[in-house]
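These figures come from a predicted structure and were not determined experimentally.
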Amino acid sequence: MTNAMRKQNLLVATPITTLAVQQAKVLALPQRKLTRPAILKPALRRIAAVTLPPLAVLAVLLVIWQIAASQAGSSLPPPTQVFTDSRDLILHPFFDHGGNDKGLGFHILASLSRVAIGYSIAAIVGIALGSLVGQSVYFMRGFDPIFQVLRTVPPLAWLPISLAAFRDGQPSAIFVIFITAVWPVIINTAAGIRNIPQDYRNVARVLQLNPFEYFTKIMVPAAAPYIFTGLRIGVGLSWLAIVAAEMLIGGVGIGFFIWDAWNSSLISDIIVALVYVGLVGFVLDRIIAFIGHVVTRGTAVN
Amino acid sequence: MQKPYLSLSLVNKSFQRGQIVSEVLKGISLDVAKGEYVSLIGHSGCGKSTLLNLIAGLIPITSGAVILEDKHVRGPGPDRAVVFQNHSLLPWLTVFENVKLAVDKVWRSENAPTRNARIMDCLNLVHMAHAKDKRPAEISGGMKQRVGIARALAMEPKVLLLDEPFGALDALTRAHLQDQVMQIHQALKNTVIMITHDVDEAVLLSDRIVMLTNGPAATIGEIHEVKLSRPRKRLELVTDLTYIRAREAVLKFLYERNKFVEAA
Ligand SMILES: Nc1ncnc2c1ncn2[C@@H]1O[C@H](COP(=O)(O)OP(=O)(O)OP(=O)(O)O)[C@@H](O)[C@H]1O
Ligand SMILES: [Mg+2]
């Protein structure tokens, strides 16, 4: 932390140095030299300010974990042992020994492809249903109570019924993703559409936009910030649900991998898999947030 | 007098919520000639916006008729463009795209270069061409209002409806925009109906000032004709007798005979 503070001081000091150089031209050369790297430093410093604190916390946590798990009789392996145990998994994410004995990369890809399908359907259906419910008071009255009840059903509770309906693991998992992610999209889209200012509606009416033009030119862009909030919650939920669903349906997938590792008592493998799951979930969330940021650029400021 | 271009006859408007019916406008009759600039003035809540929305067709008339060029007004349309009080530009579109939305819809039979030229003409008219690629959040309140006016002008409406177009602006910007609107009116000879709270603004810009009585059931209390030649110069008018009389007439109406009372 002292390091950061010193850097902070440098940052403040830099402009003063430049000022001094400008005012007193007779200053010695070494002073002048100092200013040039000082121009590059703020960018580096900003990157450091973002990456250093989490790395420091991570290091502290790893040390605590190492000490705690190194005690005699500890049931979990320390980080060093996780690395030695699962070195193959960590260093070679894309090996394939046939059957389900694949690298973590393949498992993650299998899970991601399920999420991609289920989530895409949820996004399309969610925005369509949300528009309908947000647009019409009667649809709202009819559907909203049902949505409010259904959305509280935990994702895994849908699995048996979808297995019964589809009689196959793959579509069932996709259905669970869909049904998990669809509610926040519907509810946020509807809220976004209900919140479209009357002024925008009046502009559309004066211009006599037809329903299709109204949908694409006013409704979707006006509700976009809400829609993306829903999409972002949805992607997080679907990633939560996929791991649990795959534990039950088996096959290739990160959820099954974790379950399989547990059955083979490979605790280190589980820990590595958890790190992967967390990182992928984080990246998914950031991707949707980024798309939302780009799409709603103008609106977010207002 | 020539045949009226826009004519309101015995327009009534009441709002109903459950059992409660509130009468807002009662027996409004007004004829507006082509190219005329008419101001509506009255105390807050008397029903000015309601009257403008009736003419725009954004809300239905309870009874009576609004007739524009021998046709009953039955709904909103681009022949009666509205500039709303809070600009109502779409924040996700640039200045250019906001005007384009109107041009593409109203002039969809024309080819793209002609439509583009229309957009730029309108932006030039309000001196906003330089900011065409900015978004509404990046320009000032006065600039937004100018773009709103450009969007309305782009529709080449039969009647231009302005709901307190300069209400939210500081005095300097306001004066600047008033001059611009006067120039545009001079050049294009549009028929304009403008709501205002500002007596000077009404006198400076209008051919006639329509004064509404206090609600509920507001009606036209008095109409004052401003017989000042155009173009009008703000500074010269300060000492002009016609100007002073018109100002006095409106002020008397608003502050002596129709003092503002909180609606019961
Ligand atoms: N949709 C509505 N439902 C019920 N009452 C309404 C509705 N719209 C307006 N009113 C009532 O009509 C009256 C006139 O409203 P209006 O907005 O036309 O006033 P205004 O003259 O434009 O006021 P201001 O100068 O403050 O804008 C008000 O008393 C208002 O409460
Ligand atoms: Mg009003």
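- For K134(B), the NZ atom counts as loosely surrounded, since its 6.0 Å shell holds 12 or fewer non-hydrogen atoms of other residues, nucleotides or ligands.
- Taking 4.5 Å as the limit, some side-chain heavy atom of M155(B) sits within range of a side-chain heavy atom of L207(A).
- In this structure, the portion of R80(B) lying under 4.5 Å from any heavy atom of chain A is its backbone and not its side chain.
- Annotation: the span from I218(A) atom CD1 to L90(B) atom CG amounts to 4.5 Å, rounded to 0.5 Å.
- Both the backbone and the side chain of A102(B) come within contact range of chain A, judged by heavy atoms closer than 4.5 Å.
- In F282(A), the CZ atom is not crowded: 12 or fewer heavy atoms of neighbouring residues, nucleotides or ligands sit closer than 6.0 Å.
- Residues K105(B) and N210(A) approach most closely at NZ-N, 4.2 Å, considering heavy atoms.
- Interatomic distance, I59(B) CD1 to N202(A) CG, rounded to the nearest 0.5 Å: 9.5 Å.
- Residues F84(B) and V203(A) come closest through the heavy atom pair CE1-CG2, 4.0 Å.
- Between V206(A) and A81(B) the shortest heavy-atom distance is CG1-CA, 4.2 Å.
- With rounding to the nearest 0.5 Å, the separation of CG in D199(A) from CD in Q85(B) is 9.5 Å.
- Y200(A) approaches L89(B) most closely through the heavy-atom pair CE2-O, 3.8 Å.
- Side-chain atoms of Q208(A) come within 3.5 Å of backbone N or O of P76(B) as a donor-acceptor pair.
- In this structure, R205(A) contributes its side chain and L58(B) its backbone to a donor-acceptor pair below 3.5 Å.
- With chain A as partner, the option from A56(B), S88(B), G75(B), P157(B) having the largest number of non-hydrogen pairs under 4.5 angstrom is S88(B).
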